[in-house]
Every structure is written in C-alpha cells, then in structure tokens.
Amino acid sequence: MKPPLLLLLLAAASICGAADLTHATVVTDARITGPERKAVALLIDAVEERTRLRWPVAAAVPQAAGPVVMVRRAPPGGGLAPEGYQIRSTASRIEITGNDERGVLFGIGGLLRALEMRRDSVTLPRDLNVTTAPKYALRGHQLGYRPKTNTNDAWDANMWERYIRDLAVFGANAIELIPPRSDDAADSPHFPLPPMRMMIEMSRLAEEYGLECWIWYPAMDPDYSNAATVDAAVREWAEVFRQLPRIDAVFVPGGDPGHTEPRVLMALLEKQAASLKRYHPKATMWLSPQGFSRQWMEQFFGLMDQQPPWLAGVVFGPQVRVNLPELRARIPKRYPIRHYPDITHSVNSQFAVNDWDVAYAQTEEREVVNPRPLDEAQIFRVLQPYADGGFITYSEGSNDDVNKAVWSALGWNPEADVTEMLRDYGRYFIGPDAADAFAQGLLALERNWRGPLLTNTGVDVTLAQFREMERRATPQQKLNWRFQQALYRADYDAYLRARLVDETGRERRALERLALSRETGALWALTAAENELAVDPLSRAGSTLRARVFELAEALFQSVRMQLSVPRYAAIAAGRGANLDLIDRPITNAAWLRRRFSEIRAMESEPARLAAIDEILNWTNPGPGGFYDDLGDPSNRPHLDPGPGFEKDPAFFHTVRTGFASRGAAPWRISWHRHAETLYGNTLRLRYSGLDPSAHYKIRYVEAGDSTPRATRLVANGKFEIHPMQKKGTEVKPVEFAIPPEATAGGALTLEWQPDPDESGNGRFVQISEVWLVRAQL
C-alpha cells in the first residue's frame, strides 16, 4: 500500500500548489518602458495563441476578485544581477519582478515555460519560488536572412518577430544578422523583402525587445592591401551601419569566407571600428582567426600581444586551427572570447555527429533536422567555460531549433537538467499533455543516430512513439512546424533503416551468386547477382514511409517555409537541407557493384572475369598474416589510435573522427564514402603488434574524402618514410607501398599519416578510408 499512498500524497500536493489563471488579469506599472511593454505583449499573445483567452492588462490590481499576474521591474540599485528575475506564486497571484528591462522579459519567459496552456484554460501546476540570473552575459543565435539558409529566407518580419520571441522565452538575449553582401547569392526566390530592408526590420525588432544586435560581417574583397579597396569597403559597411536602428557589435570572420592576412585584415578592421562608432558609439568590433594557416595564426597571436585598443574581443568558431582552451591561453586576458559554435551541421563541420552511420550521412546529409540535446550539452559543458564572452551560435535555419533552446537554457544555467529543458520545450511549443512524451521523443531521435543503423531497432520504436503522439495530437498540433519536424525525422530515419535492411540482404545474396561463378561461369553469375540487387521502385521496402516523408516535407514548406527539395521548394542546394532529394541515394555497395559488373563483362577472357569477381569477393581479405581496417566504420578499425574521444574532446582537435566524402552520388564502395580523419596538424596513426619479425609487409590504402587534393606524408615508427609529402590522386583507388623490413623487425609497427603543416582552410587534412597491411608472399 505504500507506493499508492505516496502517489496520492504527491498528487494532492500538486493540486494544492496549482493556480487557475484562466481568468487572470495582468497588472503592470503604467510607466513601463518600450521593451517591457513588448515583453508583456509577448505574454498576452502567447497565452491567447495557445488557449483562445486574452488576458486583460491593468495598471492596478482590480477590485473584483480574480487571479492576478503582476509584472514589474525592481527599483534601481541593490546590486541585483543583470537580466535576472524573481517569480513568486500563490493560488491567486503570480509576481514577476525583473532586475532590469531584460529581467522582465526573461521572467515572463520563465512563467510561460511553466504554465500549462490548454484550450480555454491556463494553470500553473505548482508553486513557483524562483530567484535566478544568467551565468553568461551573451546568449544568442545567428539568424541568417540569405538564400543559403534552409528556411529563413522565406520569412517575413512577422515570422521573424515570432521566432525572436521564441528565442527570448528560453533565455536568448542576442541575435546576429548577416549583411546583404556575403558568400551567398544576392537574391532568393523566397525573399519577401530585399536583404537590406529585412536587416533593418530585424535590427528594429532587437531594439524594440531590448536584445543585443550583432552583425556577422565577412571581409569579402580580394585585396585589402589596396587603399582604394579599403576606402570602398569602409564606405560600403558604413552605409549598412547607418541604416540599422541598433548595432551592439560586429564580428568579422578571418575566413570561411574571406582570406586576408591578419596584419592586413586588422588594419582594415581598425578603420571599420572607427566608422562603426560614428553611427553606433557603444558598438564594438570582434574578430575570429578562422581559416588561418599555421604562419598566419602565429602572426595573429603576435598582433594580439600588442593589444590593439580598437578590438573588443576574439571569436572562436569553425576552422580555427587551435582548440578553445589553447586560444584562451594565447589571447591576452583583457579580450573576452566569444564562442561561435556550429549547432546546425551534422557532417563535415565543427561538431559533426560522432561516429554517424554512413547511410545517414549519404541521405540526411549536412543540414538535417538535428535535435542533439545531449551532444550539445556535452559540447557546452566541455568548451564554454573557456569562452568568457558568452556565445552566439552558428545556424543555417530552423533545423537546429531544439539545439538553440538547449544552448540558451545552458547559457542561463550550465547545470540545468537536459530532460527538464526539453519538457519545457515540449510544454511551451507543443502542449502540456505532450510535454514529457515529446521530450523523450527528441532524446529518442538523438539515439537513432547512435551506432550502426542496421542493428538499431530503436529507430522503429521511435517511429511508433511519434505515431502515437500524432494519433493523439490536436489539429493545431498537427499544423505545428516543430511537431512536423520531429515526425519528418522519425519517418525518414525509419524509411532509411527499412531500405538498409532490405538492400543489405540483397547485397549478401548477390555476393552468394558471385561465389558460384567458377561453377556457373562469370557471365551467368554476374546476371544472377545483378538480379538480386534490383529494386522495384513500386514495391521497395518502406514505400509507405517514404510517401509519408514527402507529405511531411510539403507540410513543413506550408507551415514554416522549410525547403526540403530543390525542384519542389526552390532550395538552394541538396546539401543545404534539401535532403528530400537525397532520400534514395546509395547506402550499400550496390552502385559500385553494378559499375564493376559492367567493367567485368567487357573483359575479353573468362580467367580475367573470374579474377575480377574474386577481387570483389575478397575485397576486405588481407591474406594470411595480414590485417584490414575499414577506418570509416567504428566497429571495424581495431588498429586505429582514436585519441581521447568525443566526451573529452567534442571538437575532435585531438580525436580521430568519422568523416564522410563530399561526393555522395559517386558509384563508390560504401567504405570510400566514409573515412577516419584528423584535423589541422594532427596525424592519423595505426598501431600493429604481433607481427612476424622475419616477414616482409606492404601497405595498401584508399584515400577518399573531400575533393580538395590535400597532401600527406606516410611514416613508419616515426622515422621510416614510406612516401614523401604528396597530394592524393583524383581517382579514388587503392595505392600500395612496401614497408622497410627494419620497421617490422621488432614485431610492432606504427603507421602515421602526417598533414602538410602549411595547409589552411577547413582543417580536414588527413582522410583515410581503408587500410590493408599485407604480408608479402615470397
């Protein structure tokens, strides 16, 4: 009887603490400021949108009995923490007291996250006695109005205001805009306004809500050592500065885009900083060393040691070749460091999904709907303590919406429980009756990406859970774009797994047919194998799931203007979030096998055909006494030295990560579409033991990866050069080198691929797909 009694007591306590606010009146001081008035309007509108109830607003507590929501700002003085607030509640009275203007806004956000808002009903299910203030002073998100984004280029000013409000409810206090000229097309078919006009509107919204307004402003011109180019750039930027109602800071990336030597770039920015202050006297200038080579990085550190007075701080973002702790150690303490974490990309990015399955990378690609609450919390907690200047995240659209909420919440309280913040997300955006289920669903979507997709039966469970949520959903919830995004991912994942299970079985049966080639003849075996690989588009595995994915893509375009296809919705590119166009990309070796079958049929002799078939069947077999590693498969790379791992090194500065080729449609082996890669100056090492000291060995490997022809040097045991620094070939194929007998004479071998130390750019300098250590048969 004890457990039921305990549950009854808990339920009774919950009921006693509940406040019915259905007929509440909002009471505010008549002298509230403009941003505070906007905060109160947010409260009124948010309740009405979810309940059909519009709370009245009064300047004093009404004489008639009824619940009251008091909104006020604390008197000045008293040393109150900036942006903090208090919430006190009884059964009939809620008091929100902001420490300042933003504190009023965030206090209202705190209440909204706690309310249970249903049709014609508002309740606060428990007493609130909260005193809180943010840990980090800057907590923001980049909001790009440009063609490259997967959603935002279609938003009008009203949609932007709704989204900025949503960000503020979860504690964000800054937005970052992008100027009309960047590394993007000048126009988009989706733009409701020209870029400059929308930039003005977004800056105005930041001013009205009292939020910081930053600009990400790339230096795009080719030669800033030219005085005329500098003068033109100063005039161009000044015209943008002049038109914006609010600018708090300008952040200029050193690269991606842009490629200017630090001394030249900083001379330009000194002039731009002076120009900025003519229009916005309190605005500051920030710089990131993104994309710098090793030499440029040292030059940058030397310039920072001179402590330029016009520079306010340094930004750590993608493609900075030193990790955040080292950057903090090298930069003078007077300069805060702002984090610019990439929360939007899942592959070939700053914080790529750890050990992602290649099937996901091939299809869902770089800008998929990507709730990663636990990963984002790990990234935040490991790295953010070194960024005392706070953060503004790097985003390319709506696909990372959950991640924005997670960063905002952690920026307020780094110790916040991730599941609770997801419940807040579900309660506020989806509805109180779905709060926990939706939170658990988001965590399940993240688990979908853990481990091999082929054996991850949890993917099917996740779909079943979301299908049940959909069955119970109201019409309004079914039209909710955040709900639709989760459904889209759940169905896409499940379809992909259905395909993979089916097509992996087809490939296995095809290889069984090939294995009979010496009995049946090569040509018969090839035809039989090809028949096993054939997939009828009308009866393919998961065809119902595939159709549902297309339906949800249309729903997302209608609800939030999400562009999941180039031909259907005028997305800018398939790799820019349009993964509906990639849903049938190869995820097994079938495309490579068909190409090889065609090549084998063209051979003139049966022995040659049979030998080529044997090569297919024994592709991963290194022969007696040999070893094989599929370096892009985390379960099949026993000799790889992995480094400290994602938990300690989530940016993979000293950890080998699983990477993926940027040529997803190529008819390659699946093992070539994935690889192990190291970043910047780090080497990739394989370690072997138990070798025969008297034997001779050779190394065979495949270097796939990016299309950029990076150079590597291969060294054995730190002293035997297997090959000098050389660029990888344009054709992806195995290459082979002899290992000096002296290198294996001790029975152990370390192979090390070293990058070109002078490389610059995205940092993906070493990318190796497959390695065979073959014992020579003398």
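Here the closest non-hydrogen pair linking Ala716 and Ala743 is CB-CB, 4.1 Å. Closest approach of Glu507 to Thr588, counting heavy atoms only: OE1-CB, 3.3 Å. Listed here is the closest heavy atom pair of Leu327 and Phe301: CD1-CE2, 3.9 Å. Of all the heavy atoms in Thr744 and Ala695, the pair that sits closest is OG1-O, 3.9 Å. Taking all atoms of both residues into account, the shortest heavy-atom contact from Leu684 to Leu686 is CD2-CD1, 3.5 Å. Between Ile670 and Pro586, the shortest heavy-atom contact is CD1-O, 4.3 Å.
Under the 4.0 Å criterion applied to side-chain N and carboxylate O atoms, Glu615 and Arg596 are assigned as salt-bridge partners. Using a 4.0 Å cut-off between charged side-chain N and carboxylate O, Arg674 and Asp357 make no salt bridge. Salt bridge Glu503/Arg506: absent, no basic N to carboxylate O contact under 4.0 Å.
Every residue two or more places apart in sequence or in another chain that forms a ring pair (Phe, Tyr, Trp, His ring centres under 6.0 Å) with Phe737 is listed here: His723. Partners of Asp256 under the side-chain contact (heavy atoms from CB on, under 4.5 Å) rule, at least two apart in sequence or in another chain, are Gln319. Qualifying side-chain hydrogen bond (donor to acceptor under 3.5 Å, both in side chains) partners for His345, counting only residues two or more places apart in sequence or in other chains: Asp342, Arg366, Glu367. By the ring pair (Phe, Tyr, Trp, His ring centres under 6.0 Å) test, Phe316 is found to be paired with His339, residues two or more places apart in sequence or in another chain being considered. For Thr658, the side-chain contact (heavy atoms from CB on, under 4.5 Å) test picks out Asp355, Pro634, Arg637, Phe660, with sequence neighbours left out.
Counting heavy atoms from C-beta on, the side chains of Trp407 and Ile379 come closer than 4.5 Å. When side chains are defined from C-beta on, Thr504 does not count as touching Val501, because their heavy atoms never get closer than 4.5 Å. Residues Arg585 and Glu365 have side chains in contact (heavy-atom distance under 4.5 Å, counting atoms from C-beta outward).
With Phe652 as the aromatic partner, Arg657 meets the cation-pi criteria of under 6.0 angstrom to the ring centre and within 45 degrees of the ring axis. Judged by the 6.0 Å distance and 45° axis criteria, Arg321 is not positioned over the aromatic ring of Tyr680.
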task: Give the C-alpha distance, both sets of side-chain angles, the deciding distance and a yes or no for ring-ring contact (aromatic ring centres under 6.0 Å, His included) between Phe391 and Tyr340.
output: CA-CA 6 Å; Phe391 63 85; Tyr340 179 46; over 10 Å; no
message: The test is ring-ring contact (aromatic ring centres under 6.0 Å, His included); show your working for Trp216 and Tyr394 and say whether it passes.
response: CA-CA 10 Å; Trp216 175 83; Tyr394 169 25; 7.7 Å; no
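Here salt bridge (Lys or Arg N to Asp or Glu O under 4.0 Å) pairs that include residues 370-395, with residues two or more places apart or in two chains, are Arg328-Asp388, Arg372-Asp375, Asp375-Arg450.
Atoms CH2 and CZ, on Trp296 and Phe300 in that order, are 13.0 Å from each other to the nearest 0.5 Å. Note that CG of Leu631 is 10.0 Å distant from NE2 of His675, once rounded to the nearest 0.5 Å.
In this structure, Trp772 has its ring center at least 6.0 angstrom away from the ring center of Tyr701.
For the residue pair Thr393/His141, the side-chain donor-acceptor check at 3.5 Å is satisfied. For the 3.5 Å distance criterion, the side chains of Trp753 and Glu703 fail to qualify, holding no donor opposite an acceptor. Residues Ser395 and Gln142 have side chains that never bring a donor and an acceptor to within less than 3.5 angstrom of each other.
For OH of Tyr386, the number of neighbouring non-hydrogen atoms (other residues, nucleotides, ligands) closer than 6.0 Å is 12 at most.
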